[in-house]
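Below is one structure, written out as structure tokens; comments come after it.
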Amino acid sequence: MIQLGGYQPRLSIHNSVFKALVSNPGILSKNYLKQAEFIYHHLVTTGLDVHKEIYGGLIWLHSYQDSIDKERIAELREAMLRAGFEEDREVLLSILRACAREGEVEEAEKSWVKLLEFENDPPALAFVYKMEVYSKVGMPMKSLDIFREMQSKLGRTDVAAYNQIIEILCKAQESELAESIMADFVKSDLKPLTPSYVYLLSMYFNLELHDKLEESFYKCLEKCRPNCAIYSIYLNSLVKIGNIDKAEDIFNQMNHDATIGVNARSCNIILSGYLSSGKHLKAEKVYDFMCLKKYEIESSLMEQLDYILSLKRKVVKRPISMKLSKEQREIMIGLLLGGLRIDSDDRRRNHIIRFDFDGNSGSHYVLKSHIYHLFFEWLHPTCKPGDNSENIPDKFCTIASSHFGFYADQFWSKGEPSIPKLVHRWLSPCVLAYWYMYGGHRNSSGDILLKVKGSREGVENIVRKFKGMSMDCKVKRKGRVFWIGILGSNSTWFWKLVEPYVIENKDFAEAGDETKEQDAKETEDINFNSDSDE
């Protein structure tokens with residue numbers, strides 16, 4: 001509205017929009033730096049008051065950027081002081097975070113001294129940033145001293161501190177110290193342990209301590225959820241020592257287990273193993289799989305493949321074009337019925353799919369990993385952590401693409417969720433399974449409840465389709481949400497249809513799943529036996 005001219009929003013609107021930009025964790029909010037800077041610039045140029053939270057929020061956003069703009073942070077600090085605002089605890093933490101990314105020891109120590117003026121015992125996060133600062137300048141033992149100081153002053157150690165010092169010691173290849181602190185971390189019963197196990201296994205790999213790597217791998221499996229990062233390091237170790245048969249077993253396990261999955265890195269690892277051991281037929285199968293998944297093949301491996309495939313006069317396929325597979329299309333429809341969001345540009349030419357999973361849900365944890373790997377080639381670069389990271393975010397999105405136009409027109413035609421007129425043609429068992437996993441649940445009686453937003457006509461269309469599939473169901477409306485109840489023996493038939501497609505983590509399906517409790521509370525006052533719609 002501002003850019004179109006003629007409209008000057010009130011100060012309260014500026015502040016509200018800015019607050020919304022910085023309301024998410026830093027790793028997500030950092031992408032909104034340009035928008036936040038625009039709001040600040042407009043406040044300054046129009047003569048409106050710039051509140052302390054604006055200065056602090058901007059410095060906070062800058063501290064999370066991949067490339068730190070030290071000059072801009074200095075300008076904001078000076079402007080903040082000129083406006084009469086003192087740097088508070090949160091601003092100083094942001095400065096320490098920025099110093100940690102750049103290895104700015106001198107500025108970090110100045111901020112540390114100021115932080116001590118607020119409190120004798122700074123927060124644990126401040127110690128973590130200070131540890132990182134010294135590790136960046138090649139002083140891991142100084143980082144260890146800071147870690148010990150934190151333990152002495154605070155009398156406790158949190159997960160971030162354990163992970164930070166173990167990462168520092170592993171990168172410095174201080175194996176005995178890293179192992180000692182890792183043992184303390186395990187005894188503390190704090191979670192998650194996985195990032196530290198990733199650092200430990202990577203250190204063993206670099207030191208060629210493959211027996212220790214294997215031992216730690218199995219210890220990790222006893223205490224952590226299985227994940228692609230840990231398995232990939234172990235896979236690489238097996239290939240390195242020439243145990244290709246065991247590597248093949250591990251790769252197949254990764255590929256068949258949705259909680260682990262494979263990615264470009266793990267495929268390149270097993271491909272290199274097959275090529276180095278002369279198993280060319282198996283290498284070709286991995287190559288075909290990578291082309292199907294549109295994974296990039298390492299150039300050195302591609303050179304070997306070119307020669308092998310040329311001997312058979314096989315045309316070398318290179319993963320270039322982007323196109324949704326049949327499986328991806330069906331899954332997309334199921335997720336959209338379950339509440340998946342689509343954002344479109346002003347001309348509705350390009351569209352972004354926004355995946356949003358519940359971090360407290362065991363079932364969503366498994367589904368998230370599966371969807372992340374299945375749509376990996378479509379994801380925005382900012383949503384792709386490094387191959388050594390197992391931290392798949394709960395929220396991630398695709399690149400803007402015209403390929404999603406059909407789904408935007410059918411399911412988000414006016415910027416709001418809608419049910420397509422032809423939805424009855426698309427309700428395959430696969431679609432129903434992903435609808436159930438993303439936006440439904442099964443209660444203690446075994447009844448299936450599916451949540452959907454849209455028009456009553458659309459819901460009635462779905463109900464008619466279910467009846468045509470020999471499933472009676474009932475519908476209740478709660479606010480803007482319709483709940484479709486598939487009750488009694490009908491739920492048994494529904495489950496037989498979807499079970500082949502349902503992804504479940506049997507080790508974690510029931511434990512600590514807060515979402516099931518939330519869903520139960522959300523639907524406990526819905527009486528499917530009453531005649532009313534509400």
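These numbers come from the heavy atoms of this one structure, side chains and all, not from hydrogens, waters or symmetry mates.
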Does the ring centre of [Y] sit less than 6.0 Å away from the ring centre of [X]?
{"X": "His403", "Y": "Trp378", "result": "yes"}
{"X": "Trp495", "Y": "Tyr436", "result": "yes"}
{"X": "His364", "Y": "Tyr438", "result": "yes"}
{"X": "Phe375", "Y": "Phe396", "result": "no"}
{"X": "Trp435", "Y": "Phe411", "result": "no"}

Inset, instruction - Give the intermediate values and the outcome of side chain to side chain contact (heavy atoms under 4.5 Å, CB included) for residues Glu107 and Lys70. - result: CA-CA 11 Å; Glu107 188 59 49; Lys70 293 183 287 186; over 6 Å; no

How far does [atom1] of [X] sit from [atom2] of [Y], to the nearest 0.5 angstrom?
{"X": "Lys246", "Y": "Ile241", "atom1": "NZ", "atom2": "CD1", "result": "8.5 Å"}
{"X": "Asn227", "Y": "Tyr365", "atom1": "CG", "atom2": "OH", "result": "6.0 Å"}
{"X": "Tyr234", "Y": "Leu221", "atom1": "OH", "atom2": "CG", "result": "9.5 Å"}
{"X": "Asn350", "Y": "Thr398", "atom1": "CG", "atom2": "OG1", "result": "10.0 Å"}

Donor-acceptor pair, distance only, cut-off 3.5 Å: does the side chain of [X] make one with the backbone of [Y]?
{"X": "Ser401", "Y": "Phe404", "value": "no"}
{"X": "Trp60", "Y": "Leu93", "value": "no"}
{"X": "Asn268", "Y": "Glu298", "value": "yes"}
{"X": "Ser202", "Y": "Val198", "value": "yes"}
{"X": "Arg97", "Y": "Tyr129", "value": "no"}
{"X": "Gln328", "Y": "Leu374", "value": "yes"}
{"X": "His370", "Y": "Val366", "value": "no"}
{"X": "Ser180", "Y": "Leu177", "value": "no"}

Inset, instruction - Please step through side chain to side chain contact (heavy atoms under 4.5 Å, CB included) for the pair Leu207 and Gln173, ending with a clear verdict. - result: CA-CA 8 Å; Leu207 292 172; Gln173 296 188 347; 3.2 Å; yes

Legend entry - Smallest separation among heavy atoms of Ile73 and His62, with atom names: CG1-CB, 3.7 Å

Inset, instruction - Compare every heavy atom of Ala108 with every heavy atom of Cys99, then report the nearest pair and how far apart it is. - result: SG-N, 3.7 Å

Legend entry - SB check Arg354 Asp356 (cutoff 4.0 Å): no

Inset, instruction - Answer yes or no: is there an ion pair linking Glu179 with Lys212, defined by an N-O contact shorter than 4.0 Å? - result: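 Between Lys212 and Glu179 there is a salt bridge, with a charged N closer than 4.0 Å to a carboxylate O.
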
Legend entry - Row check, Tyr134 ring normal vs Lys142 NZ/CZ: under 6.0 Å, within 45°: yes

Inset, instruction - On the 0 to 90° scale, with breaks at 30° and 60°, tag the Tyr372-Phe376 ring pair as parallel, tilted or perpendicular. - result: perpendicular

Legend entry - Test item: Phe289 and Asn255 side chains (from C-beta on) under 4.5 Å apart, heavy atoms: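 Touching, per the 4.5 Å side-chain cut-off.
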
Legend entry - Single hit among Tyr197, Tyr204, Tyr231 for ring pair (Phe, Tyr, Trp, His ring centres under 6.0 Å) with Phe217: Tyr231

